[in-house]
A.B. asks: 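This is the structure I want to talk about, given as structure tokens.
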Amino acid sequence: MFAYSTNRTYMKKEKILVIGASGQIGVELTLALRKIYGGANVVASDLREENELLKGSGPYVSLDVMNKEMLHVQIIRQNITQVYLLAAILSATGEKNPPLAWNLNMQSLLNVLDIAKEEKLTKVYWPSSIAVFGPTSPKNECPQYTIIEPTTVYGISKYAGEFWCNYYYQRYGVDVRSLRYPGLISYKSSPGGGTTDYAVEIFHAAKEKQKYTSFLREDTHLPMMYMPDAIRATIELMEAPAEKIKVRTSYNLSGMSFSPIEIGDEIRKHIPGFQLDVKPDYRQQIADSWPKSIDDSKASEDWGWKPEFDLAKMTADMLMNLNASAGSEG
Ligand code: NAD
Ligand code: SER
């Protein structure tokens with residue numbers, strides 16, 4: 001039951017199911033978990049096909065998280081002990097079809113929590129978002145505990161989900177843990193329909209065309225995080241002793257905060273001719289409802305969270321990796 005890990009500690013052998021493994025976070029989180037637990041012990045699953053980057057690194061199953069019976073069968077058949085639930089509809093796509101977003105975001109979580117209770121899974125991970133905050137929340141350094149009145153269906157579903165996590169922990173002892181991710185920036189896998197996606201698109205456009213038209217106004221500050229920090233935060237949260245996890249809804253998490261004009265200026269240090277235009281669309285209203293920056297001192301106090309990447313470091317790393325992948329493509 002115990003395996004020797006690379007960091008020279010003995011740890012309990014776990015079998016992990018990642019749901020939504022072909023998405024922006026899923027790909028990198030699955031790869032990171034496979035490094036820690038071994039490829040065969042991390043089962044990737046998604047409604048869509050297996051992401052190219054996952055191929056050959058471990059098992060993959062095609063799975064619809066809304067089909068509770070099939071999900072339950074897979075969890076029993078594969079001897080799963082932990083679930084990372086990443087399937088969701090994000091903020092911008094959610095506003096196009098609110099009932100669909102509510103249905104997927106809520107029912108997927110309830111399916112997983114119910115099975116976790118029944119099968120006595122050791123841990124569940126489910127991400128929340130800065131989208132829980134609304135126009136009445138503080139704009140700067142938004143605290144862990146404050147007024148929370150979300151105005152998007154995505155934010156409403158995340159806030160309700162946080163309380164379902166807390167409920168299953170308090171009532172049934174399900175060890176479910178959660179982070180309110182800021183907008184995530186990554187070069188390996190593409191974002192899936194969020195309001196913060198411009199901060200990924202801008203890098204690809206800068207590399208390919210040296211110009212980008214942002215769908216958010218130039219002065220729109222939002223909380224953001226580079227994917228390596230988000231993956232490390234997730235793993236640190238999940239590996240922390242249970243008694244350190246004092247927030248059983250979801251932890252505020254912070255990396256950096258910037259606006260389109262600020263990231264444009266930073267990119268220009270590497271690509272001098274880069275041109276930024278703006279043409280705000282319906283996503284501006286969503287962005288305007290969210291805080292500009294987040295206070296994550298509770299995560300620091302409870303389990304030692306500290307981000308590594310600021311805007312300058314992240315920009316340099318993104319462009320270096322995009323250059324490297326362009327080079328390897330030919
Ligand atoms: P994504 O859209 O890139 O990936 C979600 C994956 O879930 C997709 O591959 C999709 O095919 C899959 N999926 C959808 N419906 C499914 C179903 N019925 N059964 C199985 N799989 C299904 O999203 P992401 O950015 O990787 O986000 C993952 C989680 O993190 C979500 O809960 C999201 O709300 C949260 N989050 C993301 C960000 C961000 O900036 N990316 C920020 C805050 C919170
Ligand atoms: N990046 C996400 C979104 O914009 C935040 O949860 O929807």
Side-chain angles (χ1 to χ4, degrees), residues 17-30 43-51 53-54 60-68 70-71 74 83-97 100-109 111-112 124-133 150 152-159 161-162 165 178-186 188-201 215-216 220 222-227 229-231 233-234 250-255 282-291 294:
L17 176 66
V18 182
I19 303 171
S22 291
Q24 189 193 7
I25 302 172
V27 170
E28 299 206 34
L29 188 56
T30 302
V43 181
S45 73
D46 205 293
L47 201 54
R48 53 174 152 152
E49 61 190 21
E50 183 178 18
N51 186 289
L53 295 172
L54 294 180
Y60 175 82
V61 292
S62 177
L63 184 78
D64 181 356
V65 68
M66 299 297 274
N67 186 336
K68 189 176 178 188
M70 282 313 295
L71 174 63
Q74 282 293 350
V83 171
Y84 287 65
L85 171 57
L86 304 174
I89 289 178
L90 279 79
S91 60
T93 311
E95 290 311 293
K96 290 186 178 155
N97 193 339
L100 187 72
W102 174 256
N103 198 25
L104 174 66
N105 295 1
M106 282 292 87
Q107 199 55 51
S108 59
L109 177 61
N111 287 352
V112 168
V124 173
Y125 178 72
W126 173 83
S128 183
S129 162
I130 51 144
V132 295
F133 298 114
T152 61
V153 67
Y154 175 68
I156 299 169
S157 71
K158 288 294 182 189
Y159 201 39
E162 290 186 3
C165 291
S178 179
L179 297 171
R180 290 173 178 158
Y181 289 134
L184 299 180
I185 298 158
S186 62
K188 286 191 184 162
S189 40
S190 310
T195 303
T196 56
D197 293 8
Y198 93 86
V200 180
E201 290 173 6
F215 57 76
L216 296 183
T220 310
L222 285 174
M224 300 279 186
M225 179 173 276
Y226 196 31
M227 190 62 88
D229 268 346
I231 300 298
T234 308
S250 188
Y251 276 99
N252 273 12
L253 191 72
S254 176
Y282 70 101
R283 289 168 280 194
Q284 185 65 48
Q285 199 182 353
I286 302 176
D288 286 343
S289 77
W290 292 347
I294 299 288

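Each ligand, and each atom within it, is numbered from 1 in the order the structure gives.
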A.B. asks: So does S62 get a backbone contact from the side chain of S45, meaning a donor-acceptor N/O pair under 3.5 Å?
C.D. replies: no

A.B. asks: Relative to ligand 1, is P182 under 4.0 angstrom through side chain, backbone, both or neither, heavy atoms considered?
C.D. replies: backbone

A.B. asks: Could you list the atoms of ligand 2 found under 4.0 angstrom from a heavy atom of T195?
C.D. replies: 3 (C), 4 (O), 7 (O)

A.B. asks: Over 60° means perpendicular and under 30° means parallel, so tell me whether Y84 and Y125 are parallel, tilted or perpendicular.
C.D. replies: tilted

A.B. asks: Decide whether an N or O pair under 3.5 Å exists between W290 and ligand 2.
C.D. replies: no

A.B. asks: Under 3.5 Å between any N/O of L85 and any N/O of ligand 1: does that happen in this structure?
C.D. replies: no

A.B. asks: Under the 3.5 angstrom rule, does the side chain of Q24 hit a backbone N or O of L184 as a donor-acceptor pair?
C.D. replies: yes

A.B. asks: Using side chain to side chain contact (heavy atoms under 4.5 Å, CB included), reason through D229 and L253 one step at a time and then give a plain yes or no.
C.D. replies: CA-CA 10 Å; D229 268 346; L253 191 72; over 6 Å; no

A.B. asks: Return the CD1 to CG distance between I89 and N103, rounded to the nearest 0.5 Å.
C.D. replies: 8.5 Å

A.B. asks: Under 4.0 Å from a heavy atom of A88: which atoms of ligand 1 are those, numbered in the order shown and with their elements?
C.D. replies: 31 (C), 32 (O), 34 (O)

A.B. asks: Would R48 count as being in polar contact with ligand 1, using the rule that some N or O on each side must be under 3.5 angstrom apart?
C.D. replies: yes

A.B. asks: Side chain, backbone, both or neither: which part of S108 comes within less than 4.0 Å of ligand 1 when only heavy atoms are counted?
C.D. replies: neither

A.B. asks: Should I25 be counted as touching ligand 1, given the test is an N or O pair under 3.5 Å?
C.D. replies: yes

A.B. asks: For ligand 1, which is the ligand I care about here, please tell me if V65 has any N or O atom under 3.5 Å from one of the ligand's N or O atoms.
C.D. replies: yes

A.B. asks: Contact between ligand 1 and S128 is defined here as a heavy atom of the residue under 4.0 Å from a ligand atom; is it met?
C.D. replies: yes

A.B. asks: Write down the atom of D46, the atom of A21, and the distance for their closest heavy-atom approach.
C.D. replies: OD2-N, 3.3 Å

A.B. asks: Does some side-chain heavy atom of L222 sit less than 4.5 Å from a side-chain heavy atom of L216?
C.D. replies: yes

A.B. asks: Decide whether an N or O pair under 3.5 Å exists between Y181 and ligand 1.
C.D. replies: no

A.B. asks: Heavy-atom contacts with Y154 under 4.0 Å: which atoms of ligand 2 show up? List them by number with element.
C.D. replies: 6 (O), 7 (O)

A.B. asks: Mind checking whether K158 contacts ligand 1 via backbone (N, CA, C, O), side chain (CB onward), both or neither, at a 4.0 Å heavy-atom cut-off?
C.D. replies: side chain

A.B. asks: How does L90 reach ligand 1, if at all, at less than 4.0 Å between non-hydrogen atoms: by side chain, backbone, both, or neither?
C.D. replies: side chain

A.B. asks: With distance as the sole test, does K158 use its side chain to make a donor-acceptor pair with the main-chain N or O of N105 at under 3.5 Å?
C.D. replies: no

A.B. asks: Which atoms of ligand 1 sit under 4.0 Å from any heavy atom of G183?
C.D. replies: 40 (O)

A.B. asks: Please lay out, stage by stage, how F133 and N252 fare under the test side chain to side chain contact (heavy atoms under 4.5 Å, CB included).
C.D. replies: CA-CA 11 Å; F133 298 114; N252 273 12; 3.4 Å; yes

A.B. asks: Could you tell me the residue and atom name of the protein heavy atom closest to atom 5 (C) of ligand 2, and the distance to it rounded to 0.1 Å?
C.D. replies: S129 OG, 3.4 Å

A.B. asks: Between S22 (side chain only) and N51 (backbone N and O only), is there a donor and an acceptor less than 3.5 Å apart?
C.D. replies: yes

A.B. asks: For ligand 1, is there an atom lying under 4.0 Å from some heavy atom of G194?
C.D. replies: no

A.B. asks: Give the atom numbers and elements of ligand 1 that come within less than 4.0 Å of a heavy atom of S129.
C.D. replies: 43 (C), 44 (C)

A.B. asks: Over all heavy atoms of both residues, which pair between Q107 and M66 is shortest? Give the atoms and the distance, please.
C.D. replies: CB-CE, 3.7 Å

A.B. asks: Please state which protein non-hydrogen atom is closest to atom 9 (O) of ligand 1 and give its distance, to 0.1 Å?
C.D. replies: D46 OD2, 2.7 Å

A.B. asks: With heavy atoms of Q24 as the reference, note each atom of ligand 1 found under 4.0 Å away.
C.D. replies: 1 (P), 3 (O), 25 (O), 26 (O), 39 (C), 41 (N)

A.B. asks: So among L86, V65, V61, which one has a side-chain contact (heavy atoms from CB on, under 4.5 Å) with I19?
C.D. replies: V65

A.B. asks: Which ligand 1 atoms are under 4.0 Å away from a heavy-atom of G20?
C.D. replies: 6 (C), 7 (O), 12 (C)

A.B. asks: Give the atom numbers and elements of ligand 2 that come within less than 4.0 Å of a heavy atom of L90.
C.D. replies: 2 (C), 7 (O)

A.B. asks: So if I count the atoms of ligand 1 from 1 in the order they appear, which ones are less than 4.0 Å from some heavy atom of A87?
C.D. replies: 7 (O), 13 (N), 16 (C), 21 (N), 22 (C)

A.B. asks: Just which atoms of ligand 1 are under 4.0 Å from any heavy atom in D64?
C.D. replies: 17 (C), 18 (N), 19 (N)

A.B. asks: Write down the atom of G23, the atom of S189, and the distance for their closest heavy-atom approach.
C.D. replies: O-OG, 3.7 Å

A.B. asks: Indicate, as side chain, backbone, both or neither, the part of L104 found under 4.0 angstrom from ligand 1 when only non-hydrogen atoms are considered.
C.D. replies: side chain

A.B. asks: Over all heavy atoms of both residues, which pair between T220 and A287 is shortest? Give the atoms and the distance, please.
C.D. replies: CG2-CB, 3.8 Å

A.B. asks: Is ligand 1 under 4.0 Å from a heavy atom in the side chain of Y154, in the backbone, in both, or in neither?
C.D. replies: side chain

A.B. asks: If you count the atoms of ligand 1 from 1 in the order shown, which ones are under 4.0 Å from a heavy atom of L63?
C.D. replies: 19 (N), 20 (C)

A.B. asks: Does any N or O of ligand 2 fall below 3.5 Å from an N or O anywhere on Y181, backbone included?
C.D. replies: no

A.B. asks: Give a yes-or-no answer on whether the side chains of S178 and E162 include a donor-acceptor pair shorter than 3.5 Å.
C.D. replies: no

A.B. asks: Show the nearest heavy-atom pair for residues A87 and S108, with the distance to one decimal.
C.D. replies: O-OG, 4.2 Å

A.B. asks: Evaluate G23 for polar contact with ligand 1, using N/O atom pairs at a separation under 3.5 Å.
C.D. replies: yes

A.B. asks: Check for a donor-acceptor pair, side chain of D197 on one end and backbone N or O of G194 on the other, with a separation under 3.5 Å.
C.D. replies: yes

A.B. asks: Give the residue and atom name of whichever protein heavy atom lies nearest to atom 28 (C) of ligand 1, and the separation in Å to one decimal.
C.D. replies: L86 O, 3.1 Å

